[in-house]
Amino acid sequence: YKVKANCYACDVAVTKDCADTVAKIIEDFGGVDILVNNAGITKDNLLISMSEEDFDAVIDTNLKGAFNMIKACARNLIKKKAGKIINISSVSALIGTAGQANYAASKAGLIALTKTTARELASRGINCNAIAPGFITTDMTESLEDKYLSSIPLKRAGNPEEVASLAVFLASSNADYITGEVIRIDGGLAI
């Protein structure tokens, strides 16, 4: 069967870029059904050495970016009285990580944004949940693997496909009665 797909470039930290991109998606596809906020950056440093610019850049992308995309999609989802919003947070939001004050704060804020969005949009048939991955093997974490494996009870890193499978579940009708939740996928790291 035929599938229509397209790619759109957008700086999620810029409100107008998000609004323009979502308007184009709605024009091209007739609406939005599922939003996965997965944009994220790191600019790690110890708190006392972290620059204001690095703190702001991470907050702007990881937290404000999700806010911008949710806001840009909200009217369309409300009009449809259905939809799924999935925010990708982190176990760093739950346990903190040395050298990541900006990242942990942005991902903790994303959890609060998830819960607030869930409360505000539930009566409109819209679910909003967060996924909190632990150590997942990606280009961004490649150099850190040895440092974290000993603290993971399952003694292995996760893979992106495991996180994607959880997102697919939350986007499906099987998760229609789940909203406002934060689901850890971390091999037991945050136990």
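Residue numbers start at 1 and run along the sequence shown.
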Cluster check [X], [Y]: I/L/V/M/F/W/Y, side chain < 4.5 angstrom:
{"X": "Leu113", "Y": "Ile78", "result": "yes"}
{"X": "Leu47", "Y": "Ile95", "result": "no"}
{"X": "Tyr8", "Y": "Ile34", "result": "no"}
{"X": "Met69", "Y": "Leu121", "result": "yes"}

To the nearest 0.5 Å, how far apart are [atom1] in [X] and [atom2] in [Y]?
{"X": "Ile111", "Y": "Thr116", "atom1": "CD1", "atom2": "OG1", "answer": "12.0 Å"}
{"X": "Ile59", "Y": "Phe67", "atom1": "CD1", "atom2": "CZ", "answer": "14.5 Å"}
{"X": "Lys84", "Y": "Asp176", "atom1": "NZ", "atom2": "CG", "answer": "4.0 Å"}
{"X": "Thr117", "Y": "Lys71", "atom1": "OG1", "atom2": "NZ", "answer": "12.0 Å"}
{"X": "Leu110", "Y": "Ser90", "atom1": "CG", "atom2": "OG", "answer": "10.0 Å"}
{"X": "Ile88", "Y": "Thr114", "atom1": "CD1", "atom2": "OG1", "answer": "9.5 Å"}

Should [X] and [Y] count as side-chain neighbours, where that means a heavy-atom distance under 4.5 Å?
{"X": "Val36", "Y": "Ile86", "result": "yes"}
{"X": "Lys107", "Y": "Ser92", "result": "no"}
{"X": "Thr97", "Y": "Tyr103", "result": "no"}
{"X": "Leu77", "Y": "Arg124", "result": "no"}
{"X": "Val22", "Y": "Asn76", "result": "no"}
{"X": "Glu120", "Y": "Ile126", "result": "no"}
{"X": "Ile70", "Y": "Asn87", "result": "yes"}
{"X": "Ile26", "Y": "Val32", "result": "yes"}

Smallest separation among heavy atoms of [X] and [Y], with atom names:
{"X": "Cys18", "Y": "Ala72", "answer": "O-CB, 3.9 Å"}
{"X": "Pro133", "Y": "Ile131", "answer": "CD-O, 3.2 Å"}
{"X": "Gly40", "Y": "Asn62", "answer": "CA-OD1, 3.1 Å"}
{"X": "Ala118", "Y": "Cys128", "answer": "CB-O, 3.7 Å"}
{"X": "Val12", "Y": "Ala39", "answer": "CG2-CB, 3.8 Å"}
{"X": "Lys4", "Y": "Phe29", "answer": "O-CE2, 3.5 Å"}

Do any side-chain atoms of residues 160-171 form donor-acceptor pairs under 3.5 angstrom with protein atoms, and if so which ones, sequence neighbours left out?
| unit_1 | atom_1 | unit_2 | atom_2 | d |
| --- | --- | --- | --- | --- |
| Glu162 | OE1 | Arg156 | NH1 | 3.3 |
| Glu162 | OE1 | Asn159 | N | 2.9 |
| Glu162 | OE1 | Asn159 | ND2 | 3.4 |
| Glu162 | OE2 | Arg156 | NH2 | 2.7 |
| Ser165 | OG | Glu161 | O | 3.0 |

Counting only heavy atoms not in [X] (residues, nucleotides, ligands), do more than 12 fall under 6.0 Å from its [atom1]?
{"X": "Lys81", "atom1": "NZ", "answer": "no"}
{"X": "Lys43", "atom1": "NZ", "answer": "no"}
{"X": "Lys2", "atom1": "NZ", "answer": "no"}

Atom pairs and distances, side-chain donor-acceptor, residues 180-191, under 3.5 Å, sequence neighbours left out:
| unit_1 | atom_1 | unit_2 | atom_2 | d |
| --- | --- | --- | --- | --- |
| Arg184 | NH1 | Asp186 | OD1 | 3.0 |
| Arg184 | NH1 | Asp186 | OD2 | 2.7 |
| Asp186 | OD1 | Gly188 | N | 2.9 |
| Asp186 | OD2 | Ala190 | N | 2.9 |

Looking at Asp33 and Lys80, is there a salt bridge between them, counting it only when a charged N and a carboxylate O are closer than 4.0 Å?
yes
